[in-house]
2 protein chains.
Amino acid sequence: MDPKNKAKLMINKLSSKDQNFTAQLKALTSWDQSSNEEINSTVKTIIGDVIKNGDQSVLDYTQKFDSVYAGSISELVISKERLKESFDNLDEEQKTALSLAADRIRSYHQKQIQESWSYTEEDGTVLGQKIIPLERAGLYVPGGKAAYPSSVLMNAIPAKVAGVKELVMVVPTPKGIINELVLAAAYVAEVDLVFTIGGAQAIAALAYGTETVPKVDKIVGPGNIYVASAKRHVFGQVGIDMIAGPSEILIICDGSTNPDWIAMDLFSQAEHDEDAQAILLCPDKDFISQVEESIKKLLPSMDRAEIIRSSLKNRGALILTKDIAEAIQISNSIAPEHLELSVEDPEGIVDQIKHAGAIFMGQYSSEALGDYCAGTNHVLPTSSTARFSSPLGVYDFTKRSSIIMVSKDGANKLGKTASTLAYGEGLQAHALSALYRTDKE
Amino acid sequence: MDPKNKAKLMINKLSSKDQNFTAQLKALTSWDQSSNEEINSTVKTIIGDVIKNGDQSVLDYTQKFDSVYAGSISELVISKERLKESFDNLDEEQKTALSLAADRIRSYHQKQIQESWSYTEEDGTVLGQKIIPLERAGLYVPGGKAAYPSSVLMNAIPAKVAGVKELVMVVPTPKGIINELVLAAAYVAEVDLVFTIGGAQAIAALAYGTETVPKVDKIVGPGNIYVASAKRHVFGQVGIDMIAGPSEILIICDGSTNPDWIAMDLFSQAEHDEDAQAILLCPDKDFISQVEESIKKLLPSMDRAEIIRSSLKNRGALILTKDIAEAIQISNSIAPEHLELSVEDPEGIVDQIKHAGAIFMGQYSSEALGDYCAGTNHVLPTSSTARFSSPLGVYDFTKRSSIIMVSKDGANKLGKTASTLAYGEGLQAHALSALYRTDKE
């Protein structure tokens with residue numbers, strides 16, 4: 001590409017007819033998840049220190065990284081009264097919005113509650129599965145500018161709906177700066193315990209426990225590269241949610257939506273950070289031009305114009321497709337985190353969508369509604385992982401135990417089958433253990 | 001401990017009254033999951049090679065590690081006719097046992113099928129979740145002596161019940177040796193495609209795809225340390241099941257079960273390998289002595305006596321508890337993979353069990369039945385991970401997409417809430433994207 005054009009480039013424009021379209025698309029959407037050895041090594045040291053020295057190590061790192069000086073971890077606990085205070089001090093509009101969002105998220109997630117089940121066979125044998133909430137979960141909340149109260153609601157509410165007994169939140173307060181909205185959200189979401197610690201040291205404290213920080217069973221929530229690396233390291237010791245990549249939106253539009261709306265939807269993803277990805281798939285060349293015009297018109301007035309500009313230039317695209325069917329096929333090959341079906345008949349095509357974290361159907365369903373208050377979760381699989389993973393949900397805060405209660409008659413029948421298979425595998429004790437319970441013994 | 005006694009030691013005997021009981025128990029049950037840097041580095045090289053050189057690299061490593069010489073990967077495909085041949089050549093008893101086990105596993109897992117759901121709000125807004133089977137899954141099956149046909153059934157059947165379109169199995173055939181029972185199980189479980197490749201090269205081929213091996217969305221199944229390490233490395237690129245530690249059984253017995261049965265149940269875990277763990281918790285001192293006698297009596301006649309002896313000596317224990325309540329509490333602190341409630345009234349205590357992969361209730365429910373043909377899955381969380389993870393199931397082969405279809409009225413109401421929250425987070429484009437769809441615009 002001519003460097004002059006590249007400098008002027010607002011957003012990439014591709015056509016599915018381009019000879020090298022598949023390669024271009026792959027280059028645009030690929031994301032290198034490879035880990036950084038230096039960060040890994042720092043994180044390993046921090047985790048090792050916290051395992052060995054507990055509270056003291058967490059205090060030391062908190063002093064070093066956050067410039068927060070405390071004599072004990074207990075001093076870094078934020079009381080429930082303090083959380084309530086943060087909420088009470090909000091203006092009425094924010095209070096109402098936060099409460100309404102929490103209520104809607106709670107209602108939606110209550111639909112995800114699963115019941116234990118079992119069935120009894122003719123010989124009296126009972127089989128089933130018990131569904132049990134996790135005892136204790138940890139929620140990481142980033143400090144500073146990227147601290148989102150909505151993220152507290154989205155991570156905490158499914159845990160509480162699942163029945164998690166104790167939900168422990170950690171949030172760093174670099175230089176002592178507290179985000180009042182985050183604390184208010186923790187109050188609304190009924191978080192049980194809050195520590196103002198962060199980074200790999202907070203992840204280690206939650207995974208292994210210290211004198212003061214209780215060990216949890218699973219850690220969820222977003223964080224920087226150190227937090228993500230620490231979560232990878234403690235995976236297995238505790239459960240973790242997915243490691244999130246940059247956020248993505250893909251819009252399939254038939255050209256019937258207001259182009260300003262589409263431009264703003266693309267911005268709403270691009271404003272997150274420079275690596276965020278915003279893509280439009282549309283079979284209408286004129287409409288694509290209109291969206292391009294809307295982008296040019298609206299961008300200068302945006303607060304985060306520079307971030308949006310970088311994101312659109314580096315990772316965004318307006319893509320002309322043959323038809324909607326081809327747009328769907330391309331979308332399935334990308335497996336986007338957020339998919340808007342901004343078309344007149346979204347119900348007519350939704351069944352063709354094979355991979356997407358969340359599907360926003362129709363022109364009124366902007367992604368932003370899902371980010372805050374539609375009720376669905378905004379923690380979604382990124383970087384094509386929607387091929388095999390799901391939105392965060394109540395199911396992430398429960399686990400299952402198989403139930404096997406074999407009757408005397410059942411053991412007599414099943415024992416013979418089991419012993420045949422066990423002998424086939426050379427496992428004599430398995431065979432005998434089963435046979436002891438049969439009339440063959 | 002006196003070295004002379006240690007040499008004679010058959011199985012550790014502990015009492016919950018011992019002063020250092022908690023420390024002893026912790027030492028006994030802890031398992032170091034830390035990874036080996038040398039193996040990690042080898043695995044990284046192999047994965048990198050397969051990404052770069054595809055089929056040729058897989059062929060080279062298969063030649064190097066398995067002494068299998070093939071001109072192309074297609075030569076390493078086992079046809080469906082060949083799978084059927086393996087099944088047809090089994091003796092009748094094995095055929096019947098394999099089919100019966102498959103039928104029961106299928107019936108049980110069909111109960112795990114989940115339906116997509118949605119609800120419509122008063123203003124016409126529709127919210128819900130679509131449940132979609134994974135497109136393609138990979139199943140790793142170890143070669144050689146530790147190749148278990150039951151494992152093929154347990155991994156493959158939930159995938160097929162979930163509706164996975166293509167299930168790709170890989171199984172190494174070191175020196176060309178094929179396990180006929182494994183192929184027969186693949187036939188019964190309706191595996192779609194089988195390659196005789198293994199190791200980290202097979203995991204890499206499944207995760208990234210080659211010219212001949214299709215890229216899958218998730219990889220399940222057991223394997224050696226190289227396979228486990230490779231699975232860890234490709235996690236994120238594809239989904240994986242848990243990395244399994246050594247197998248464990250914990251038996252809570254009230255003393256009413258035949259002590260020979262209990263001894264054999266302990267053996268059935270111990271015979272897996274020297275790291276396997278078999279523990280009995282019992283409040284009846286005399287019964288513990290009877291079990292010890294049974295162990296002494298039965299052990300010499302076992303085919304795998306040496307493995308059982310090592311396992312019981314190093315990692316096994318007979319533990320005297322104050323009562324059944326304390327046994328339950330200790331069990332919950334261990335979170336065992338397999339838990340037998342070998343008591344007269346298992347239903348009276350099962351609700352107190354908080355963490356266990358599978359719960360075998362009553363004296364007739366030997367773990368071996370669950371390993372083969374009760375119907376439940378034998379792929380279970382080990383090393384205390386039952387605190388936060390579940391048996392392998394149909395849910396592992398599906399994923400969810402959130403559905404959000406907001407009506408015009410809904411967008412008008414929700415847009416105001418969303419914009420308040422978005423402005424609170426400093427995300428103007430989110431706010432405007434929501435506001436555009438309201439009457440405020």
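Every chain is numbered from 1, with letters handed out A, B, ... down the list of sequences.
In this structure the side chain of A:Gln129 never reaches within 4.5 angstrom of the side chain of B:Thr376, judged on heavy atoms. Annotation: side chain of A:Gln114 is in contact with side chain of B:Gln114 (closest heavy-atom distance under 4.5 Å). A heavy-atom distance below 4.5 Å is not found between the side chains of A:Leu127 and B:Lys111. In this structure, A:Tyr436 and B:Asn258 have side chains that are not in contact, with every pair of non-hydrogen atoms separated by 4.5 Å or more. You'll find the side chain of B:Arg437 reaches within 4.5 Å of the side chain of A:Ser366, heavy atoms only. Using a 4.5 Å heavy-atom cutoff, the side chains of A:Asp351 and B:Lys130 are in contact. Counting heavy atoms from C-beta outward, A:His355 and B:Ser401 have side chains that stay 4.5 Å or more apart. When side chains are defined from C-beta on, B:Asp409 does not count as touching A:Tyr364, because their heavy atoms never get closer than 4.5 Å.
A donor-acceptor pair under 3.5 Å is absent between the side-chain atoms of B:Ser402 and the main chain of A:Ala358, judged by distance alone. Counting only distance, with no hydrogens or angles, the side chain of A:His430 and the backbone of B:Ser268 share a donor-acceptor pair below 3.5 Å.
Of the residues considered (A:Ala386, A:Pro149, A:Gly424, A:Ala263), A:Pro149 shows the highest number of contacts with chain B, using heavy-atom pairs under 4.5 Å. The greatest number of non-hydrogen atom pairs below 4.5 Å with chain A, out of B:Gln363, B:Arg104, B:Glu367, is found for B:Arg104. Interface check for chain B: of the options A:Asp371, A:Thr420, A:Val350, A:Asp260, the most heavy-atom pairs under 4.5 Å are formed by A:Thr420. Annotation: maximal heavy-atom pairing with chain A below 4.5 Å, among B:Met242, B:Glu347, B:Arg136, occurs at B:Glu347. The choice from A:Ile359, A:Leu100, A:Thr398 that makes the most heavy-atom pairs within less than 4.5 Å of chain B is A:Ile359. Contacts with chain A were tallied for B:Gly128, B:Ser419, B:Ser407; B:Gly128 has the most, counting heavy-atom pairs under 4.5 Å. The residue among B:Ala270, B:Ala418, B:Gly375 with the most heavy atom pairs within less than 4.5 Å of chain A is B:Ala418. Considering only heavy-atom pairs separated by less than 4.5 Å from chain A, the leading option among B:Leu134, B:Val238, B:Leu181 is B:Val238. When each of A:Met302, A:Arg304, A:Lys218 is checked for heavy-atom pairs under 4.5 Å with chain B, A:Met302 comes out on top. With respect to chain A, the highest number of heavy-atom pairs below 4.5 Å among B:Ala137, B:Ala101, B:Pro133, B:Ala356 belongs to B:Ala356.
Atom-to-atom distance recorded for A:Glu93:CD and B:Leu421:CG is 9.5 Å, nearest 0.5 angstrom. A distance of 13.0 Å separates CZ of B:Phe388 from CD of A:Glu135, quoted to the nearest 0.5 Å. In this structure, CZ in A:Arg387 is found 7.5 Å from NZ in B:Lys399, a value given to the nearest 0.5 Å. Here the OG1-CD distance, from A:Thr385 to B:Gln237, works out to 10.5 Å after rounding to the nearest 0.5 Å. Rounding to the nearest 0.5 angstrom, the gap separating the CE atom in B:Met405 from the CG atom in A:Leu341 is 10.5 Å.
The heavy-atom pair separating A:Ile353 from B:Ile132 by the smallest distance is O-CD1, 3.8 Å. Here the closest heavy-atom approach between residue B:Ser365 and residue A:Ile404 is recorded as OG-O, 3.5 Å. Across B:Arg400 and A:Pro391, no two heavy atoms sit closer than the pair O-CD, 3.1 Å. Closest non-hydrogen pair, A:Ser433 versus B:Asp265, comes out as OG-OD1, 2.6 Å. Here the closest heavy-atom approach between residue A:Ala434 and residue B:Leu369 is recorded as CB-CD2, 4.0 Å. Residues A:Thr417 and B:Ala97 come closest through the heavy atom pair CG2-O, 3.6 Å.
Contacts between A:Ser99 and chain B at a heavy-atom distance below 4.5 Å are absent for every atom of the residue. Heavy-atom distances place both the backbone and the side chain of A:Ile403 under 4.5 Å from chain B. Both the backbone and the side chain of B:Ala422 have a heavy atom closer than 4.5 Å to some heavy atom of chain A. For chain B, no part of A:Glu180 is nearby; none of its heavy atoms comes within less than 4.5 Å. B:Tyr423 does not touch chain A: none of its heavy atoms, backbone or side chain, sits under 4.5 Å away. Looking at A:Leu98, both its backbone and its side chain come within 4.5 Å of chain B, counting heavy atoms on both sides. With a 4.5 angstrom heavy-atom cutoff, A:Tyr119 touches chain B only via side-chain atoms. Proximity to chain B is absent for every atom of A:Ser384, based on heavy atoms less than 4.5 angstrom apart. Of the two parts of A:Leu427, the backbone and the side chain both hold a non-hydrogen atom closer than 4.5 Å to a non-hydrogen atom of chain B. B:Ser118 does not touch chain A: none of its heavy atoms, backbone or side chain, sits under 4.5 Å away. For A:Phe397, no part lies near chain B; criterion is any non-hydrogen pair under 4.5 Å. Residue contact with chain B, scored on non-hydrogen atoms closer than 4.5 Å, involves the side chain of A:His272 exclusively. The parts of A:Ser150 that come within reach of chain B are both its backbone and its side chain, each placing non-hydrogen atoms under 4.5 angstrom from that chain.
Counted by atom type alone, A:Gln428 and B:Glu271 present zero donor-acceptor pairs between their side chains at under 3.5 Å.
Scanning for salt bridge (Lys or Arg N to Asp or Glu O under 4.0 Å) contacts around A:Lys354 gives an empty result, with sequence neighbours left out. The ring pair (Phe, Tyr, Trp, His ring centres under 6.0 Å) check on A:His233 picks up nothing, with sequence neighbours excluded.
Atom NZ of B:Lys408 sits in a sparse spot, with 12 or fewer heavy atoms from other residues, nucleotides or ligands closer than 6.0 Å.
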